[in-house]
Number of protein chains: 2
Amino acid sequence: MSGQNGRSLSARRYSCENCPLRPLPAFRAFEKQELVFVNGFKKGELTVDKGDTVLVEGSHSAHLYTVLSGWAFRYKLLPDGRRQILNYSMPGDLIGLQGSLMGEMQHSVEALSPMLLCLFEREALPELYRSHPGLAYDITWIASREERMLDENLLSVGRRTALERAAYLIAFISSRGRAVGLNGRTPVQIPITQQHLADTLGLSLVHTNKTIRKLMDRKLIFWRDGGCEVVDNERLKELARWEGLSEDRRPLI
Amino acid sequence: MSGQNGRSLSARRYSCENCPLRPLPAFRAFEKQELVFVNGFKKGELTVDKGDTVLVEGSHSAHLYTVLSGWAFRYKLLPDGRRQILNYSMPGDLIGLQGSLMGEMQHSVEALSPMLLCLFEREALPELYRSHPGLAYDITWIASREERMLDENLLSVGRRTALERAAYLIAFISSRGRAVGLNGRTPVQIPITQQHLADTLGLSLVHTNKTIRKLMDRKLIFWRDGGCEVVDNERLKELARWEGLSEDRRPLI
DNA sequence: CGGACACTTGATCGGTATCAATATACGTGG
DNA sequence: CCACGTATATTGATACCGATCAAGTGTCCG
């Protein structure tokens with residue numbers, strides 16, 4: 001499995017002016033002229049398969065991506081193979097900013113599903129900063145948002161119990177998913193295995209299974225078709241003592 | 001203890017042109033013209049006492065700070081009082097960027113020692129982005145660096161054992177301290193209590209004490225005058241399986 | 001049909017939390 | 001100066017959460 005097999009650069013299907021994501025209420029409106037610039041900034045589209053590695057720790061990627069569709073996760077490894085998943089990426093999220101700014105990647109990114117990515121060149125970033133300060137500001141904003149999510153994750157792993165942690169994580173992911181329209185009116189299907197959950201929560205696989213089971217027994221979630229569905233997001237949040245996402249519109253680069 | 005008592009706005013003792021930090025090898029050189037701008041961006045200096053709250057979760061601070069001297073820590077609380085320390089701030093670090101960009105603070109910051117802070121106005125940020133794209137880029141870089149540190153911390157809390165975690169944390173803090181000259185040639189004195197360590201590591205106070213004791217028995221660190229000193233940073237890093245900080249020069253705003 | 005993978009479940013082990021008690025230093029008010 | 005409270009560090013005893021070990025199930029797919 002896995003590897004970098006399913007990657008392929010495809011013709012552009014979307015110009016930024018008719019981006020399928022931008023109309024969503026989660027994103028703030030862009031000036032016409034910003035849209036034009038971003039459209040020029042975009043160099044192509046990339047499709048990757050489930051299990052493909054999008055970016056790998058230690059590499060110096062020349063690219064930066066925005067997720068158009070699909071899911072991925074960001075992770076780090078210890079030398080002996082222990083894995084910590086840091087966060088998940090879904091439509092509208094930027095991938096590879098750290099590497100673009102700082103050179104070497106210090107984490108890897110792997111696709112959880114087939115994905116469609118917008119591709120940007122790292123070298124074009126300085127020009128963006130020079131000509132479009134508003135977009136530059138947006139990029140910093142996006143970096144801050146990532147930091148905020150990490151803060152909450154760290155709080156969770158450090159101080160919440162296993163049950164609270166699992167409840168928080170699932171509520172968090174599904175809230176983010178709903179915000180970018182990953183549902184229709186059916187619940188969001190989160191395409192992860194229990195091993196992914198375990199590696200995000202800092203728990204063993206077996207204990208994660210038993211913890212998830214408690215959430216299922218309480219009818220807060222259920223597990224189906226190799227993925228997780230949320231039944232009662234409110235009670236998950238309550239159980240986790242989590243306030244929920246802030247609802248501000250955010251930029252989409 | 002604590003509170004916001006010792007805060008006071010003081011006269012400017014340093015103009016940015018003769019900033020005591022900037023000559024350090026940890027920081028990259030600035031253009032003359034950047035320096036002039038930053039100097040105008042700086043609105044004053046603030047002193048705070050040990051234990052003072054610099055920024056508080058839920059507030060909308062109009063300010064942004066750079067640490068000139070002293071130590072602080074950034075943390076979040078759960079409703080029942082459980083605390084997770086997210087990171088430490090030391091000279092050269094920016095405090096309050098998240099709040100400045102996104103509005104409401106979602107974490108608090110408390111001083112671990114007397115501090116001297118440079119004060120900037122949040123309202124001036126857009127002007128910085130408009131007129132100095134290089135500095136804007138730097139600010140994004142700084143946000144990415146914070147994210148990188150959080151990634152490593154999350155890996156630690158999620159996947160390292162108690163002993164590895166403690167070794168990592170102490171090596172990490174002392175490496176950062178040395179990089180900004182907090183030593184002379186004597187080892188860095190880290191001004192934290194074991195309760196701070198515990199709340200950073202995601203461990204109980206008692207177990208943290210027993211873990212620290214093992215590090216002391218192995219003569220890797222010792223505890224003195226209510227603070228921690230590193231005896232053998234290399235062996236700490238080895239024990240934690242940590243590669244160390246990347247040595248790039250960084251911007252100082 | 002066999003093998004890989006994801007998910008389950010029970011038994012046992014051990015790392016960490018919790019409880020409890022003591023020691024030391026420090027600051028403050030009597 | 002002493003008495004007291006508070007903060008910090010320390011240590012032992014015990015409890016429990018979550019890790020590890022060991023099977024076993026179901027499903028998909030070559």
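The sequence lines fix the lettering, A, B, ..., with proteins before strands; numbering per chain opens at 1. Only a predicted model underlies this, so the values are computations on that prediction, with no experimental measurement involved.
- When the P atom of D/dA19 is taken as reference, atom NZ of A/Lys210 falls 10 Å away, rounded to whole Å.
- Within 4.0 Å (heavy atoms only), B/Gly227 reaches no atom of the nucleic acid at all.
- Within 6.0 Å of OH in A/Tyr14 there are 12 or fewer heavy atoms belonging to other residues, nucleotides or ligands.
- Within residues 152-166 of chain A, the residues approached by DNA chain D to less than 4.0 Å at the level of any non-hydrogen atom are A/Ala162, in residue-number order.
- No side-chain heavy atom of B/Asp151 sits under 4.5 Å from any side-chain heavy atom of A/Gln106.
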Report task. Can you check each nucleotide of nucleotides 22-30 of chain D against protein heavy atoms at under 4.0 Å and return B for base, S for sugar-phosphate only, - for none, in 5' to 3' order? Result -> ---------
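- Listed by chain and number, the residues in a side-chain hydrogen bond (donor to acceptor under 3.5 Å, both in side chains) with A/Arg145 are A/Asp93 (sequence neighbours excluded).
- Applying the ring-ring contact (aromatic ring centres under 6.0 Å, His included) test to residues at least two apart or on different chains, the pairs with a partner in residues 69-88 of chain B are B/Phe73-B/Tyr75, B/Phe73-B/His196.
- A donor-acceptor pair under 3.5 Å links the side-chain atoms of A/Glu164 to the main chain of A/Thr161, judged by distance alone.
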Report task. Please test B/Asp52 against B/Lys50 for salt bridge (charged side-chain N to carboxylate O under 4.0 Å, His left out), starting from the C-alpha separation and ending with a verdict. Result -> CA-CA 6 Å; B/Asp52 284 353; B/Lys50 171 177 171 171; over 6 Å; no
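- Listed by first and then second residue, the salt bridge (charged side-chain N to carboxylate O under 4.0 Å, His left out) pairs that reach into residues 200-212 of chain A come to none, sequence neighbours excluded.
- Taking atom CG on A/Leu205 and atom P on D/dT20, their separation rounds to 11 Å, with Å as the unit.
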Report task. Apply the test salt bridge (charged side-chain N to carboxylate O under 4.0 Å, His left out) to residues B/Glu234 and B/Lys237: give CA-CA distance (whole Å), side-chain angles for both, the deciding distance (0.1 Å), then the verdict. Result -> CA-CA 5 Å; B/Glu234 279 314 306; B/Lys237 285 162 63 176; 3.5 Å; yes
Could you go through nucleotides 2-4 of chain C and list every protein N or O atom that sits under 3.5 Å from one of its N or O atoms, giving the distance for each pair?
none

Report task. Quick one: do B/Val54 and B/Glu110 satisfy side-chain contact (heavy atoms from CB on, under 4.5 Å)? Show the steps, please. Result -> CA-CA 5 Å; B/Val54 180; B/Glu110 181 180 321; over 6 Å; no
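- Partners of B/Ser174 by side-chain hydrogen bond (donor to acceptor under 3.5 Å, both in side chains), not counting sequence neighbours, listed by chain and number: B/Asn233.
- A/Gln84 meets the side-chain hydrogen bond (donor to acceptor under 3.5 Å, both in side chains) test with no other residue; sequence neighbours excluded.
- Bending across the helix from C/dC1-D/dG30 to C/dG30-D/dC1, expressed as the angle between its end axes from five pairs apiece, amounts to 30° (10° rounding).
- One atom, CD1 of B/Ile212, and another, C1' of D/dA9, lie 11 Å apart when rounded to the nearest Å.
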Polar atoms only, N or O, under 3.5 Å: list the protein pairs with nucleotides 22-29 of chain C and their distances.
none

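- What separates CD1 of B/Ile192 from P of D/dA9 is a distance of 9 Å, to the nearest Å.
- Between A/Trp223 atom CH2 and C/dT9 atom P the separation is 14 Å, expressed in whole Å.
- Between A/Ser204 and B/Gly226, it is B/Gly226 whose nearest contact on DNA chain D lies nearer the 5' terminus.
- Atom NE2 in A/His207 sits about 18 Å away from atom P in C/dG14, given to the nearest Å.
- Expressed to the nearest 0.5 Å, how far CG of A/Leu77 lies from CD of A/Glu57 amounts to 6.5 Å.
- Here the side chains of A/Glu229 and A/Val188 are not in contact, with every heavy-atom distance at 4.5 Å or above.
- With salt bridges taken as basic N to acidic carboxylate O contacts below 4.0 Å, one links B/Asp199 and A/Arg159.
- Distance CD1/A/Ile212 to CG/A/Leu169: 8.5 Å, rounded to 0.5 Å.
- Look at CZ on B/Arg82: it is 16 Å from C1' on C/dT16, rounded to the nearest Å.
- Residues from residues 193-201 of chain B lying near DNA chain D, meaning a heavy-atom separation below 4.0 Å, are B/Thr193, B/Gln194 in numerical order.
- Phosphate proximity of C/dT8 to A/Asn209: present, with a side-chain N or O under 4.0 Å from OP1 or OP2.
- Sorted by first and then second residue, the side-chain hydrogen bond (donor to acceptor under 3.5 Å, both in side chains) pairs involving residues 211-223 of chain B (not counting sequence neighbours) form an empty list.
- If you check every strand for non-hydrogen atoms under 4.0 Å, B/Leu203 touches sugar and phosphate atoms only.
- Ionic pairing of A/Glu147 and B/Arg74 is present here: one or more N-O contacts between side-chain nitrogen and carboxylate oxygen are shorter than 4.0 angstrom.
- A/Ile170 places a side-chain heavy atom less than 4.5 Å from the side chain of A/Leu215.
- Taking SG of B/Cys228 as the start and CD of B/Gln194 as the end, the distance is 9.0 Å to the nearest 0.5 Å.
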